[in-house]
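For the single chain, residues carry numbers from 1 onward in sequence order. Values below: every heavy atom of this structure, side chains too, minus hydrogens, waters and symmetry copies. Indexing begins at 1, ligand by ligand and atom by atom, following the structure's order. These numbers were taken from a predicted model, which means no experiment stands behind them.
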Amino acid sequence: MTFEDSHPLAGSPSAAGSREPAKPRILVVTAVEAERDAVLRGIAGAPGGSPAAAFDAIAAGVGPASAAASTALALARAAATYDLVVSAGIGGGFVGQAEIGSLVLSDRIVSADLGAETPEAPGFLSVDELGFGSARVDANHAWNERLLAALLRAGLGAIHAPVITVSSATGTAATAALRAELVPGAASEGMEGFGVATAAAQLGIPVTELRAISNAVGPRDRAAWRIGEALQALEAAFRAIAVHIK
Ligand SMILES: O=C(O)c1cccc(C(=O)CC[C@H]2O[C@@H](n3cnc4c(=O)[nH]cnc43)[C@H](O)[C@@H]2O)c1
């Protein structure tokens, strides 16, 4: 028995009897159902309902703890057979870095509030500086290139930059400035990426984060959030990925 005969991920025989390469398996983890449904609408928009990858999408709950626990459970149920995990959803955009409606693909995923406040400037020490591990997971470079290429093929662009994870969304200009200083170049803020990334990284599975910007990171103004616009951008991004990923 060959590997192709015995391995469940080795691909299925085509009509001509030759073997198609197996589609990559991608787990998409959102916070809420509205985000998951936008992702699923995008994937369902692939021509013939046949996406170029095998996707599963789950709504894992808001915040890094729920995201980590739900991701770990989904990975365990699938015996960790995913090729990529994507933390996805709407997100805040840092002013001057990412506008409302734009897409941000993480080059690294950084927990910006995992550490200790200090009375001295800048007012915060990360767990890395405290010597308790790391508040950073690097996004998978090779997968990012494939995702960016897929977006580009559909005429979409994404800012490639750090995405921060926080347990409390930024609500003042001072916190926005502090978080931008702590993570230079950060373009987006969400509440789940580091949890998703930690679960994936502990199983050795490549991970990245994709945010569609719904609001500016800064003084809290919920009425100004453009959730519909961001969900449409998220849907378009996953349609592009489902059609064009190679
Ligand atoms: O009310 C709705 O219809 C609705 C639809 C989709 C998503 C939501 C959320 O409130 C999701 C919360 C989710 O959004 C992320 N997020 C968005 N902007 C920020 C931000 O500026 N700072 C931090 N997180 C942000 C976050 O990941 C939350 O889980 C509502």
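Residue Ala34 approaches ligand 1 through these ligand atoms, each under 4.0 Å from one of its heavy atoms: 5 (C), 6 (C). The Ala169 neighbourhood of ligand 1 comprises atoms 22 (N), 23 (C), with distances under 4.0 Å to a heavy atom of that residue. Which parts of ligand 1 touch Ala31 is read off a 4.0 Å heavy-atom cut-off, strictly below it: atoms 29 (O). Atoms of ligand 1 found under 4.0 Å from any heavy atom of Val62 (numbered from 1 in listed order, with element): 29 (O).
Nearest to atom 23 (C) of ligand 1 among the protein's heavy atoms is Glu189 OE2, 3.2 Å. In terms of protein heavy atoms, atom 30 (C) of ligand 1 is closest to Ile227 CD1, 3.8 Å. For atom 29 (O) of ligand 1, the closest non-hydrogen atom on the protein side is Glu192 OE2, 2.4 Å. In terms of protein heavy atoms, atom 14 (O) of ligand 1 is closest to Ile90 CG1, 3.5 Å.
Using a 4.0 angstrom heavy-atom cutoff, Gly89 does not count as in contact with ligand 1. Under a 4.0 angstrom heavy-atom cut-off, Glu33 registers as lying outside contact with ligand 1.
Judged by distance alone, with hydrogens and angles left aside, the side-chain atoms of Thr81 form a donor-acceptor pair with the main-chain N or O of Ala78 at under 3.5 Å.
No N or O atom of Thr170 sits closer than 3.5 Å to an N or O atom of ligand 1.
Between the CZ atom of Arg226 and the CD atom of Gln232 there is a distance of 13.0 Å, given to the nearest 0.5 Å.
Nearest to atom 18 (N) of ligand 1 by heavy-atom distance, out of Asp37, Val32, Asn215, is Asn215.
Minimum heavy-atom separation, Ser106 to Thr208: OG-OG1, 3.2 Å.
The proximity of Arg211 to ligand 1, defined as any non-hydrogen pair under 4.0 Å, is limited to the side chain.
Per-atom contact check: atom 12 (C) of ligand 1 does not touch the protein, criterion being a heavy-atom distance below 4.0 Å.
Hydrophobic cluster membership for Leu75: Leu27, Val29, Ile58, Tyr82, Val85, Ile109, Leu114, Leu125, Val127, Leu130, Phe132, Val137, Phe194, Val196, Leu203, Ile205, Val207 (Ile, Leu, Val, Met, Phe, Trp, Tyr linked by side-chain heavy atoms under 4.5 Å, directly or transitively).
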